[in-house]
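Working notes, beginning with the structure itself.
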Number of protein chains: 4
Amino acid sequence: MPPSLPISRDSQSKLLHILRLSAQIFAQRGFQRASIRDISRATGVSLSGLYYYFESKQKLLYLIQKNAFTSILESLTQRLQSLHEPQARLHLLIQNHLEYFLAHPYETRVLSHEEDALDEPLRKEIATIKRNYYNQAREILEQVVAEVPGSNLNPRLAILTLFGMMNWVYQWHNPDLDPGAEELTNVIVGIFLHGVLPGAPEDTEFHMAELPAADS
Amino acid sequence: MPPSLPISRDSQSKLLHILRLSAQIFAQRGFQRASIRDISRATGVSLSGLYYYFESKQKLLYLIQKNAFTSILESLTQRLQSLHEPQARLHLLIQNHLEYFLAHPYETRVLSHEEDALDEPLRKEIATIKRNYYNQAREILEQVVAEVPGSNLNPRLAILTLFGMMNWVYQWHNPDLDPGAEELTNVIVGIFLHGVLPGAPEDTEFHMAELPAADS
Amino acid sequence: MPPSLPISRDSQSKLLHILRLSAQIFAQRGFQRASIRDISRATGVSLSGLYYYFESKQKLLYLIQKNAFTSILESLTQRLQSLHEPQARLHLLIQNHLEYFLAHPYETRVLSHEEDALDEPLRKEIATIKRNYYNQAREILEQVVAEVPGSNLNPRLAILTLFGMMNWVYQWHNPDLDPGAEELTNVIVGIFLHGVLPGAPEDTEFHMAELPAADS
Amino acid sequence: MPPSLPISRDSQSKLLHILRLSAQIFAQRGFQRASIRDISRATGVSLSGLYYYFESKQKLLYLIQKNAFTSILESLTQRLQSLHEPQARLHLLIQNHLEYFLAHPYETRVLSHEEDALDEPLRKEIATIKRNYYNQAREILEQVVAEVPGSNLNPRLAILTLFGMMNWVYQWHNPDLDPGAEELTNVIVGIFLHGVLPGAPEDTEFHMAELPAADS
DNA sequence: TATGAATGAGTGTTCATTCAT
DNA sequence: TATGAATGAACACTCATTCAT
């Protein structure tokens, strides 16, 4: 997390300040569209001065993404320590995720949207952290499902679907309109565990044959 | 002084060919990163020759997105005509969506990922079509929920969550590994309607107070 | 020699014009110091317009050097065809070299001075042509020496010394002051073959022991 | 307000260390290409720290060149004091030159290759030293020639040709392959005084009329 | 003596777009 | 319909140098 060169306390906190503003700019304009000049303007640091804090635009993006993921993972790990009940752990995973997302909307957008903007080898580094997170989530889910006798759930599809619900939030969440992390967590946990319909699922299943097919 | 959209049959089909290849390039490299030169290379049409078919890079993106949405909406509208049962209509919505997504992965990515790459006024035009689609989906959902007495579901959150599940698919779906549209539809419909757990939801609800809070 | 893209007669001759002016600028300011903007100014072609004719500054230097060498080598090969007497061939080699040097002082300076400014793999390509030329020169020299019975001359040292005499010319030759190619050739041929002293060499040799040594 | 040249013993020797490493870097990458950062890295001295030892990159180059020339000239002057025979003095000039060149290949390259990298007025200062050296060499040569009755040698051309032979050495000398200073001196003295051919020169002269002309 | 932090000027290069043909 | 030739604006990045400490 510290830049390759500087060590001082001031320098560190200035870097963090730059990362924060850069995340905002990348979120608003997109990584490719945003120019280092934009960041220079926003931070008040001269164009060349920025390069004292990061070696390249790519590396800047990398630092933002790594910082964000580390933040989420550390908080999750710490909070999970005291929880052992499977459903409680799943609830926490979702809540932790959404709390970060709603508290850091810019970093979130960069995380969710600019995954592919990184070139190798930085891309792989981030992918590794991500996979780590994904595996942890999947384990938690599998323990929830393990309690249900006779479930034939595909855990890969289930967890990716869950991530879809959560990660898409950055595309639509309006803080003036939509609920905060706590209530949003309850909604998503509710849908993920029990769906929007209560009661027996058996008689609501449809089969392709009954549906009209697309033309092409 | 070429027309904004060319008229001859040949010209039309060549435009479609260009749109297809452009979608692929935009999907693979991202809109900003991809250059018209990339498209020239891929299509074999000279750099300046391309401008006969579209007026600007923005307009090219617009054409791709509009074509894709139109395609999805037309197919949906047509297929819905013969279906009146609410849950069947919802199932069809999801299936129609996923069928297009898996059949046109490049266009899908451009649709989901390059929403904000358009500037006004083109952005607003696409947003209008999108809102149209969203409203239709929401109506279908509300009819499903209306059948359930005493549901306190927030339909905005529910439908956006559903779109999250579906739209995120382009980020992870691997045709060699993951099921096709039909089965995927069943999985998502299943989770959305009934969740990953069967049975009574009441006793599985958690409350924030029991969960550890994040540090910062 | 033609650029990768353009083919037309006009384009070709414009490229040659650019190469000529670029050689002058590289000669006067040095390759690294000279900027593409300098070349844009000198040629009247816009900064970006230049990149239609060459792909990079490196490639521009490469084109200049390759053109120059090709020119020298072609002229040499052609003129050597009708000459078979060894000394006459050596004389021609030197004259051909000097004629080009005095007629194209800018290209010459770029050739002699900017050898190492090229990066691989272009550097190697030029080196190959140069080695070709060097080998031809060495063969010619060896045939001259072969006629002398009992010569113990090191041909590598001899030919490199000869190239030293010739290639250094660009560092000092003043057209207002110094003789032209013909006379200069005679001088260099004279010194190289017979030295600045006439008569018997035997009694003028010195041995280290008689000379004072340097301090460090 | 550091002095233009530092005074302490330590400082002096550190400056010399910096000059040595800088010469190497300038030799290997070329003056313009080499950055002060390269020198900082090589010396371990911080970027700004270097500016205590020299005021600018130009001045650094100047110091290297001046040091080198002073070294050559001082050694030459001292060693010439005890020698009075003209040919012996010429031999010594060449040997002194080559000994320095082979012992200090980096400084040599900077001397021979980066002549024009200096801007005025530093350029003129070095040029003055150089002219000094050149004049001394020319005087020595003229005394050699004065002993030969009836010589019509152009001394300017002769001495510049000699410098060509010597100065070009840095372009090709390979310590693993080529002889050391002593033998190299003998070879160059031999060629310069007597040429590569022994015996009477009169009948080996060629005239332009007999040679084929170049095309353009 | 020495350095971390900063900067203005400049670099080579790319890009979407144009226009005469 | 199509293209070769051209351009202005912008971009990421590097550089020699400075200055407070």
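Basis for what follows: all heavy atoms, side chains included, without hydrogens, waters or symmetry-related copies. Naming: A, B, ... by sequence-line order, numbering from 1 per chain.
- One finds a side-chain N or O of Tyr53(B) lying less than 4.0 angstrom from the OP1 or OP2 phosphate oxygen of dA2(F).
- Panel note: side chain His113(D), backbone Gly30(D); no donor-acceptor pair is recorded below 3.5 Å.
- Protein atom NE2 of His17(A) is 12 Å distant from nucleotide atom P of dA6(E), rounded to whole Å.
- Figure legend. dG10(E) is base-paired to dC13(F); pairs are counted as Watson-Crick or G-U wobble with both atom distances under 3.5 Å.
- Put simply, CZ on Phe54(B) is 10 Å from P on dA16(E), counting in whole angstrom units.
- Going from atom NZ of Lys57(C) over to atom P of dT14(E) covers 15 Å, rounded to whole Å.
- Look at CG on Leu50(A): it is 14 Å from C1' on dC11(F), rounded to the nearest Å.
- Between the side chain of Arg37(A) and the base of dA10(F), no donor-acceptor pair of N or O atoms lies under 3.5 Å.
- Nearest to the side chain of Ser35(B), among dA16(E), dA16(F), dA2(F), sits dA16(E).
- DNA chain E is contacted by both Arg33(C) and Gln58(B); Arg33(C) maps to the nucleotide lying nearer its 5′ end (nearest heavy atom per residue).
- Searching all strands for a Watson-Crick or G-U wobble partner of dA20(E) with both distances below 3.5 Å returns dT3(F).
- Protein atom CG of Leu47(B) is 16 Å distant from nucleotide atom C1' of dT1(F), rounded to whole Å.
- Nearer to the 5' terminus of DNA chain F, by closest-nucleotide assignment, is the contact made by Val45(B) (compared with the other of Val45(B) and Ser56(D)).
- A salt bridge is absent between Lys124(C) and Asp119(C): the closest approach of a Lys/Arg side-chain nitrogen to an acidic carboxylate oxygen does not fall below 4.0 angstrom.
- We find that NZ of Lys59(D) is positioned 18 Å from P of dA16(F), with the value rounded to whole Å.
- Counting non-hydrogen atoms under 4.0 angstrom, Ser48(B) reaches a base of the nucleic acid.
- Between Lys14(B) and dT1(F) there is no side-chain polar atom (N or O) within less than 4.0 angstrom of OP1 or OP2.
- Set against dC13(F), dA2(E), dA16(E), the side chain of Tyr51(B) has dA16(E) as its closest nucleotide.
- At distances below 3.5 Å, at least one donor-acceptor pair connects side-chain atoms of Gln65(B) with backbone N or O atoms of Val110(B).
- Protein atom OH of Tyr52(D) is 19 Å distant from nucleotide atom C1' of dG4(E), rounded to whole Å.
- Ion pairing between a basic and an acidic side chain is recognised when a charged N comes within 4.0 Å of a carboxylate O; Asp116(B) and Arg109(A) show such pairing.
- One can place CG of Asp119(C) at 14 Å from P of dG12(E), the figure rounded to the nearest angstrom.
- A salt bridge between Glu115(C) and Lys130(C) is present, with a side-chain N of the basic residue lying under 4.0 Å from a carboxylate O of the acidic one.
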